[in-house]
Amino acid sequence: MEYNVQMTVNGKAVSGKVEARTLLVQFIREHLRLTGTHVGCDTTQCGCCVIHVDGVAMKSCTMLALQADGKSILTIEGLAAADGALHPMQQAFRDHHGLQCGFCTPGMVMMGVDIARRLPGADEKTVRHQLEGNICRCTGYQGIVEAIMDASAKMHAAKA
Amino acid sequence: MHNFNYHHAADIADAALKLKVTVEPKLLAGGMTLLPTLKNRLAQPSDLIDLAKIDGLKGISVEGKEVVVKAMTTHAVVAASTDVRKAIPALADLADGIGDPAVRHRGTIGGSVANSDPAADYPAGVLGLDAVVETNERKINADDFFTGLFETALKPGEIITAVRFKIPDRAHYMKFRHPASGYAVVGVMVAQYGAKVRVAVTGAGPNAFRVRAMEDALEKSFAPASVANIKIPAGDLLGDIHCSAEYRAHLVNVYARRCVEALVK
């Protein structure tokens, strides 16, 4: 049996037919062809699939597409401005060498934006704890942590 | 993952009805345990009944000497609640230590409690804070709720609607956190209510349990030394690839003492 699902993805209304067991990340990658969101572990541990659902970071490999019915989704593709200008978090990852192979990066950036939203001015220890659900095997996290702290400060300065 | 039928429940009555008329249904809350279980094909429900669209199942309130957390409230909401932080900081801390931020944004108290995972944090909170688990049919005391490994007093067709925690004079929760999963290898909640003390343990046994010998000792004298020499028999505890039953028994002692230390400091 197939089910109709509709949601807003990166500001655009989308709909599709899915099986009940279709994961949200499958819907995003295979139906919508937005392949920026990665699947690393498929077991809720690595965080490569982190996206925002109604503005909150979640792991899209451990959600059914049907659980996102009617929700507003933001993926890495929707983060930069329409003119291509990078989001402050993306720019900070670039500035601080926050990525190497790039596989974990979409999830790291989306989690970074979520950390900045929830914990403005978070210190290094807090940021490291908040990254418990995001695994990077290249960088040793140093550049990632610096990028998130830097972007967080800039995002809140811009808001004030 | 095997396929299944999927339903949104409009309200509790609708969910209860769907539980009755489907062959082998499962309730879906946050899905942080159920979906991984389905991916591993460890369960094969015919129907998932999603409770997410029932508004009446979300929220936190302080009612007299109790904190009421509705079943579909996420760990992140409990952790960030100023009401919970003020009334029972140990409960906010417990919720804030579950899984990782993305998991806390989806996982719910009802789902965690209903699952009675031996390594979940909430069972220690429910038992330690003398909670009452409310369902669509009745109220169940924490002492009667956790009955075994992934087993609870819930009957087929019963749906948790809220958990009602009694506000203690003081309480503290600590766990030996599994470094990869974040689950409690052992977690201990110590709570004081006037002359009464409750010591609840998760992670160590097939389900959360109280340590009466420690409670008695702390009721006589609320000091770390009171529990330091109370050994837990390892016989009924869990041993697995992470650690032996004997080590878990030792950790119960260590974490109970550290909780008391934190409270008398």
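The chains referred to below are lettered A, B, ... by the order of the sequence lines, with proteins before strands, and numbering in each begins at 1. What's counted below: heavy atoms across the whole structure, side chains too, no hydrogens, waters or symmetry copies. The structure displayed is predicted, hence computed values, not measured ones.
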(request) State the CD-CZ distance between A:Glu132 and B:Arg104, to the nearest 0.5 angstrom. (result) 6.5 Å
(message) Quick check on B:Leu28 against chain A: is it the side chain, the backbone, both or neither that has a heavy atom closer than 4.5 Å?
(response) side chain
(request) Please look at B:Asn40 and chain A and tell me whether the side chain, the backbone, both or neither of the residue comes under 4.5 angstrom of a heavy atom of that chain. (result) neither
(message) Would you say CZ of A:Arg128 has more than 12 non-hydrogen atoms from neighbouring residues, nucleotides or ligands within 6.0 angstrom?
(response) yes
(request) Report the distance from atom CE of B:Met32 to atom NZ of A:Lys59, rounding to the nearest 0.5 Å. (result) 9.0 Å
(request) Under 4.5 Å heavy-atom distance to chain A, tell me which part of B:Leu38 shows up: side chain, backbone, both or neither. (result) neither
(message) Shorter than 4.5 Å, heavy atoms on both sides: which option in A:Thr44, A:Asn134, A:Leu64 has the most such pairs with chain B?
(response) A:Leu64
(message) With a sphere of 6.0 Å drawn around NZ of B:Lys26, does it hold more than 12 non-hydrogen atoms of other residues, nucleotides or ligands?
(response) no
(request) Output the option from A:His129, A:Gln45, A:Glu19, A:Gln67 having the highest count of non-hydrogen pairs under 4.5 Å with chain B. (result) A:Gln67
(message) Please determine whether the number of non-hydrogen atoms from other residues, nucleotides or ligands lying under 6.0 Å from atom CD of A:Glu30 exceeds 12.
(response) yes
(request) Answer yes or no: does atom NZ of B:Lys18 have more than 12 heavy-atom neighbours from other residues, nucleotides or ligands under 6.0 Å? (result) yes
(message) Please classify the contact of A:Met63 with chain B as side chain, backbone, both or neither, using a heavy-atom distance under 4.5 Å.
(response) both
(request) Side-chain contact test, heavy atoms from C-beta onward, threshold under 4.5 Å: evaluate it for A:Thr62 versus B:Pro36 and give yes or no. (result) yes
(request) Answer with side chain, backbone, both or neither: which region of B:Asn3 has an atom nearer than 4.5 Å to a non-hydrogen atom of chain A? (result) both
(message) With a 4.5 angstrom heavy-atom cut-off, is it the side chain or the backbone of A:Leu23 that approaches chain B, or both, or neither?
(response) side chain
(request) Considering only heavy atoms and a distance below 4.5 Å, find which of B:His8, B:Met1, B:Lys39 pairs most often with chain A. (result) B:Lys39
(request) Locate the shortest heavy-atom distance separating B:Tyr6 from A:Ala20; write the atom from each residue and the value. (result) CB-CB, 3.8 Å
(request) Could you grab the distance from atom NE2 of B:His105 to atom CE of A:Met58, nearest 0.5 Å is fine? (result) 7.0 Å
